[in-house]
Amino acid sequence: MSELYIRVAEDESEEPMEIPSEDDGTILLSSVAAQFPGACGLRYRNPESQCMRGVRLVEGVLHAPENDWGNLVYVVNYPKDNKRKMEEIDAASAVKVKRGFQKTSDLIVLGLPWKTSEQDLKDYFTTFGEVIMVQVKRDLKTGNSKGFGFVRFTEYETQTKVIAQRHMIDGRWCDCKLPNSKASPDEPMRSRKIFVGRCTEDMTTDELRQYFMQYGEVTDVFIPKPFRAFAFVTFADDQVAQALCGEDLIIKGISVHISNAEPKHNNIHQLFPNFPGGSASLAAMFDRSQYQFPSSHV
DNA sequence: GTTGAGCGTT
């Protein structure tokens, strides 16, 4: 690989900026995003066809076309073909999210037959409108259904229609309701860090970063180990973080819940049930640290 | 291997 830097611009007419490559000749998307916050990929004009071509992106790594970046100027892609600058994206998404304009929610489906699968659910609810998420809650050991699940529709009208009636699913009457978990609008802290609940173990920090980049510049992603089904994502802008609080977002087909990173009840015993020296010393330590634990994630 | 109101491994 001959070039250490490749030229990247926000637009073909703009002045390019040089972005460093990795030792293996790839470019990290995060390197691009460091200069172009919100970037989700690169494209370039193919000299032969004169068409724009996308650069291969695999798990946050951009690969040179034909194994050679050449002397081309690469153009930054933004999510949803959105060519606006990041400030506008931040403002727009923050406003849209806050306004809550007929946004759909996850619906809980109560009374499911034990045998009903997610495919069954999807098949059934698709008759009302486009479905973007279904889940059947199961016992993790046995895999048996707990008899309830969740569904999310694309259209708000579909959701309204579905809530309004009872549903005969695989021979049982079921109800769809707004879940209790989102009955009360959430807490008002203004942090740049959000709590991402209901994560699954296969969600990587990279994937979370990729996902949340669409809302604004992400400065940190933290997944506690061992796996505890939640993560923390920190944005550069607290407005973006706050706008997302209370949302249910769908990542890899799973509905995750966003809330403020500062817990309502700081139950440290939940985090460290067997802390040596007892809870008092731990509480004192926690207070002193002002939540600087883990240290790099305030 | 059961069951039938509920609320999603913080």
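In what follows, every chain begins at residue 1, and chains take the letters A, B, ... in the order their sequences are listed. Any value given below was found using the heavy atoms of this structure, including those in side chains, with hydrogens, waters and symmetry copies removed. Just so we're clear, the structure is a prediction, and the values are computed from it rather than from any experiment.
- Distance from the side chain of S259(A) is smallest to dT10(B) among dG8(B), dT10(B), dC7(B).
- Within the 4.5 Å cutoff, side-chain heavy atoms of I6(A) are placed close to those of I27(A).
- The aromatic rings of F230(A) and F195(A) sit parallel to each other, their planes meeting at less than 30°, with 60° as the upper class boundary.
- Taking atom CD1 of residue I258(A) and atom C1' of nucleotide dG8(B), one finds them 14 Å apart after rounding to whole Å.
- In terms of position on DNA chain B, the residue among G197(A) and S145(A) whose nearest nucleotide sits closer to the 5' end is S145(A).
- The residue among Q135(A) and T142(A) whose nearest nucleotide of DNA chain B is located toward the 5' end is T142(A).
- Judged as a salt bridge (Lys or Arg N to Asp or Glu O under 4.0 Å), not a single pair has a partner in residues 111-132 of chain A (not counting sequence neighbours).
- The NZ-P distance, from K225(A) to dT9(B), rounds to 20 Å in whole Å.
- With hydrogens and angles left out, the side-chain atoms of S30(A) and R209(A) include no donor and acceptor closer than 3.5 Å.
- Under the 4.5 Å side-chain heavy-atom criterion for ILVMFWY residues, no single connected hydrophobic cluster contains both Y44(A) and V75(A).
- Residues V8(A) and L42(A) have side chains in contact (heavy-atom distance under 4.5 Å, counting atoms from C-beta outward).
- Ring geometry for F232(A) versus F222(A): interplanar angle under 30°, hence parallel rather than tilted (30 to 60°).
- Atom NZ of K137(A) is separated from atom C1' of dT9(B) by 8 Å (rounded to the nearest Å).
- For R228(A) and dT10(B), the CZ to P distance is 11 Å, given to the nearest whole Å.
- Per the geometry, CD1 belonging to I250(A) stands 13 Å off C1' belonging to dG8(B), to the nearest Å.
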Between protein and nucleic acid, restricted to nucleotides 4-6 of chain B and to nitrogen or oxygen atoms under 3.5 Å apart, what atom pairs and distances do you find?
{"residue": "dG4(B)", "atom": "O6", "partner": "W114(A)", "partner atom": "NE1", "Å": "3.0"}
{"residue": "dG4(B)", "atom": "N1", "partner": "L112(A)", "partner atom": "O", "Å": "2.5"}
{"residue": "dG4(B)", "atom": "N2", "partner": "L112(A)", "partner atom": "N", "Å": "3.3"}
{"residue": "dG4(B)", "atom": "N2", "partner": "L112(A)", "partner atom": "O", "Å": "3.1"}
{"residue": "dG4(B)", "atom": "N2", "partner": "G147(A)", "partner atom": "O", "Å": "2.8"}
{"residue": "dG6(B)", "atom": "O6", "partner": "G111(A)", "partner atom": "N", "Å": "3.3"}
{"residue": "dG6(B)", "atom": "O6", "partner": "G147(A)", "partner atom": "O", "Å": "3.3"}
{"residue": "dG6(B)", "atom": "N1", "partner": "K146(A)", "partner atom": "O", "Å": "3.3"}
{"residue": "dG6(B)", "atom": "N2", "partner": "K146(A)", "partner atom": "O", "Å": "3.2"}

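- Between the CZ atom of R138(A) and the P atom of dT3(B) there is a distance of 18 Å, given to the nearest Å.
- For F227(A) and dT9(B), the CZ to P distance is 10 Å, given to the nearest whole Å.
- When distances run from any side-chain atom of I108(A) to the nucleotides dC7(B), dT10(B), dG8(B), the shortest one goes to dC7(B).
- The distance between atom CZ of F195(A) and atom C1' of dT9(B), rounded to the nearest whole Å, is 11 Å.
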